[in-house]
Student: 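Submitted below is the structure of interest, expressed as structure tokens.
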Amino acid sequence: MKTLRIAAWSGPRNISTAMMRSWENRSDTCVIDEPLYAHYLRVTGLDHPGREEVLAHHDANWKTVIKQLVGPCEYSVFYQKHMTHHLLPNISRDWLYDIEHLFLIREPREMLTSLKKQIPHPTLEDTGLPQQVELLGELKAIGKTPLILDSKDVLENPEAMLSLTCEKLGIRFDEAMLSWPSGSRDSDGTWATHWYASVNASTGFEAWKPKEEQVPAHLKALCLECEALYCVLKEEKLESQNATEV
């Protein structure tokens, strides 16, 4: 059986975990949660919430992780949730040829006002946006242009956007992707206790609504940098005629 492998590349505080729930709710799909995170923490030395637990329970060797991502799979779809900034320069790109790619993007002001609650002083690299723009160029160079989904579009009409995504990937859309049981999953990384409270309480995609919270003064310059990169990615986002129908 041939397995469709989907690498979903996101920055933090997007709908990446909700999307993982959505795909895992398909009977033909298995998922993996941020498989390169432990390697990222070991190499960068960053003190993220739950760092020691992540390193103790997850494989920090990128070579063995990649073997798992491209190795045998008993499911017809293998959905891989990645943070783009976890793809460090020392990691080989050869495996990217064998996988289909999906990007998740989010308006920077909404992302940063959420991110600062876990990381009060994030850097541009913490957002994953420069890495996404760089990866977009790398993938185009090898003929693997990714599907780019804006989280707002997905939240405004999940069925339209997920249907279109499945169509582009050459697989059937499954209505099971629109809702899921609340709670944690065995597939969740150990970091879930620090980051997944809202998604664990959810049973589906929450309707998009504008955020009133403003970017604090110390993050305004960063927000401008993020917006420039976001605009590059947004230019190529996937759009459905029905995406904004509610």
Side-chain angles (χ1 to χ4, degrees), residues 1-14 16-21 23-24 29-104 115 118-119 122-144 146 184-196 199-200:
M1 177 182 67
K2 184 174 176 58
T3 297
L4 171 66
R5 301 167 197 276
I6 305 167
W9 302 98
S10 178
R13 313 319 294 161
N14 206 325
S16 59
T17 309
M19 286 288 282
M20 182 173 69
R21 291 281 188 272
W23 283 88
E24 190 172 18
T29 301
C30 67
V31 304
I32 192 168
D33 190 11
E34 300 182 29
L36 294 168
Y37 190 24
H39 174 75
Y40 172 79
L41 289 180
R42 180 174 64 80
V43 171
T44 63
L46 291 170
D47 187 22
H48 280 197
R51 169 189 165 85
E52 295 308 318
E53 189 178 9
V54 173
L55 292 174
H57 291 88
H58 296 274
D59 192 345
N61 184 330
W62 71 263
K63 293 182 180 179
T64 56
V65 170
I66 298 305
K67 285 181 180 179
Q68 180 184 6
L69 299 182
V70 299
C73 178
E74 62 183 18
Y75 288 83
S76 56
V77 181
F78 184 6
Y79 184 88
Q80 304 168 7
K81 174 197 168 193
H82 293 283
M83 292 292 106
T84 314
H85 49 292
H86 295 173
L87 187 65
L88 295 173
N90 70 312
I91 298 174
S92 169
R93 271 33 176 190
D94 292 347
W95 63 287
L96 299 178
Y97 285 88
D98 301 318
I99 291 182
E100 297 305 314
H101 300 273
L102 178 68
F103 280 18
L104 298 174
L115 179 60
Q118 274 81 18
I119 304 177
T123 66
L124 184 61
E125 286 69 29
D126 289 330
T127 72
L129 281 164
Q131 297 93 329
Q132 271 189 318
V133 170
E134 182 180 1
L135 182 58
L136 176 63
E138 292 181 14
L139 292 173
K140 283 185 169 184
I142 63 173
K144 301 290 288 188
S184 61
R185 302 288 184 278
D186 291 340
S187 54
D188 292 347
T190 59
W191 49 87
T193 55
H194 301 280
W195 299 88
Y196 292 1
V199 79
N200 283 345

Student: Considering only heavy atoms from C-beta outward, does the side chain of D188 approach that of M20 to under 4.5 Å?
Tutor: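 Answer yes - side chains close enough.
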Student: If you compare all heavy atoms of F78 against all heavy atoms of L69, which two are closest, and at what distance to 0.1 Å?
Tutor: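 Reported closest heavy-atom pair: CE2-O, 3.7 Å.
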Student: What's the separation between atom CG in L41 and atom CG in D47, rounded to the nearest 0.5 Å?
Tutor: 9.0 Å
Student: Suppose we screen for side-chain contact (heavy atoms from CB on, under 4.5 Å). Which residues come up paired with Q118, at least two apart in sequence or across chains?
Tutor: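 In terms of side-chain contact (heavy atoms from CB on, under 4.5 Å), with neighbours along the sequence ignored, Q118 is linked to R13, W195.
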Student: If I take atom CG from residue N200 and atom CZ from residue R185, how far apart are they, to the nearest 0.5 angstrom?
Tutor: 7.5 Å
Student: If you measure from OG1 on T190 to NE2 on H57, what distance do you get to the nearest 0.5 Å?
Tutor: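 Interatomic distance, T190 OG1 to H57 NE2, rounded to 0.5 Å: 7.0 Å.
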Student: Just checking, is any N or O donor in the side chain of D59 or Y37 under 3.5 Å from an acceptor N or O on the other one?
Tutor: no
Student: Between E24 and S187, is there a side-chain donor-acceptor contact under 3.5 Å, judged purely by atom types and distance?
Tutor: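 Yes, a side-chain donor-acceptor pair sits under 3.5 Å.
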Student: Evaluate the side-chain proximity of M19 to L102: yes if any heavy-atom separation is below 4.5 Å, no if none is.
Tutor: yes
Student: What are the two closest heavy atoms between P122 and L115, and how far apart are they?
Tutor: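 Nearest pair, atom of P122 first, then L115: CB-CD2, 3.7 Å.
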Student: Mind checking salt bridge (Lys or Arg N to Asp or Glu O under 4.0 Å) for E125 and listing every partner two or more places apart, or none if nothing turns up?
Tutor: none
Student: Determine, stepwise, if the pair V31 / Q80 fulfils side chain to side chain contact (heavy atoms under 4.5 Å, CB included).
Tutor: CA-CA 6 Å; V31 304; Q80 304 168 7; over 6 Å; no
Student: Please answer whether the main-chain N or O of Y79 pairs with a side-chain N or O of R5 as donor and acceptor at a distance below 3.5 Å.
Tutor: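 A pair under 3.5 Å: no.
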Student: Sequence neighbours excluded, which residues qualify as salt bridge (Lys or Arg N to Asp or Glu O under 4.0 Å) partners of K140?
Tutor: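 Result, salt bridge (Lys or Arg N to Asp or Glu O under 4.0 Å) vs K140: E236.
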Student: Working note: W191 + H58, criterion ring-ring contact (aromatic ring centres under 6.0 Å, His included); need CA distance, chi angles, decisive distance, verdict.
Tutor: CA-CA 10 Å; W191 49 87; H58 296 274; 4.7 Å; yes
Student: Can you name the closest pair of heavy atoms from C73 and T3 and give their distance?
Tutor: O-OG1, 3.5 Å
Student: Looking only at heavy atoms, what is the nearest atom pair of I119 and H48, with distance?
Tutor: CD1-NE2, 4.2 Å
Student: Closest heavy-atom contact between F103 and Q132?
Tutor: CE2-O, 3.3 Å
Student: Walk me through whether E138 and K144 qualify under salt bridge (charged side-chain N to carboxylate O under 4.0 Å, His left out).
Tutor: CA-CA 9 Å; E138 292 181 14; K144 301 290 288 188; over 6 Å; no
Student: Should K63 and I91 count as side-chain neighbours, where that means a heavy-atom distance under 4.5 Å?
Tutor: no
Student: Minimum heavy-atom separation for L87 and L135, please, with both atom names.
Tutor: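 Taking every non-hydrogen atom into account, CD2-CD1, 3.9 Å.
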Student: Measure the shortest side-chain to side-chain distance between L36 and H82 over non-hydrogen atoms and say whether it is less than 4.5 angstrom.
Tutor: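 Answer yes - side chains close enough.
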Student: For the residue pair L55 and R42, establish whether any side-chain heavy-atom pair is separated by less than 4.5 Å.
Tutor: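 Yes, their side chains come closer than 4.5 Å.
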Student: Does V70 reach the side chain of W95, with side-chain heavy atoms less than 4.5 Å apart?
Tutor: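 They are in side-chain contact.
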Student: Are a donor atom and an acceptor atom from the side chains of S10 and K81 found within less than 3.5 Å of each other?
Tutor: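 Looking only at side-chain atoms, K81 and S10 do not form any donor-acceptor pair under 3.5 Å.
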Student: Is a side-chain donor or acceptor of H101 paired with a backbone partner of L96 at a separation under 3.5 angstrom?
Tutor: yes
Student: Does the side chain to side chain contact (heavy atoms under 4.5 Å, CB included) test come out yes or no for W9 and L104, once each step is laid out?
Tutor: CA-CA 6 Å; W9 302 98; L104 298 174; over 6 Å; no
Student: Taking the side chain as everything from C-beta on, heavy atoms only, tell me whether S16 gets closer than 4.5 Å to M83.
Tutor: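 Of all side-chain heavy-atom pairs linking M83 with S16, at least one is under 4.5 Å.
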Student: Can you find a pair of side-chain heavy atoms, one from W62 and one from L88, that are under 4.5 Å apart?
Tutor: no
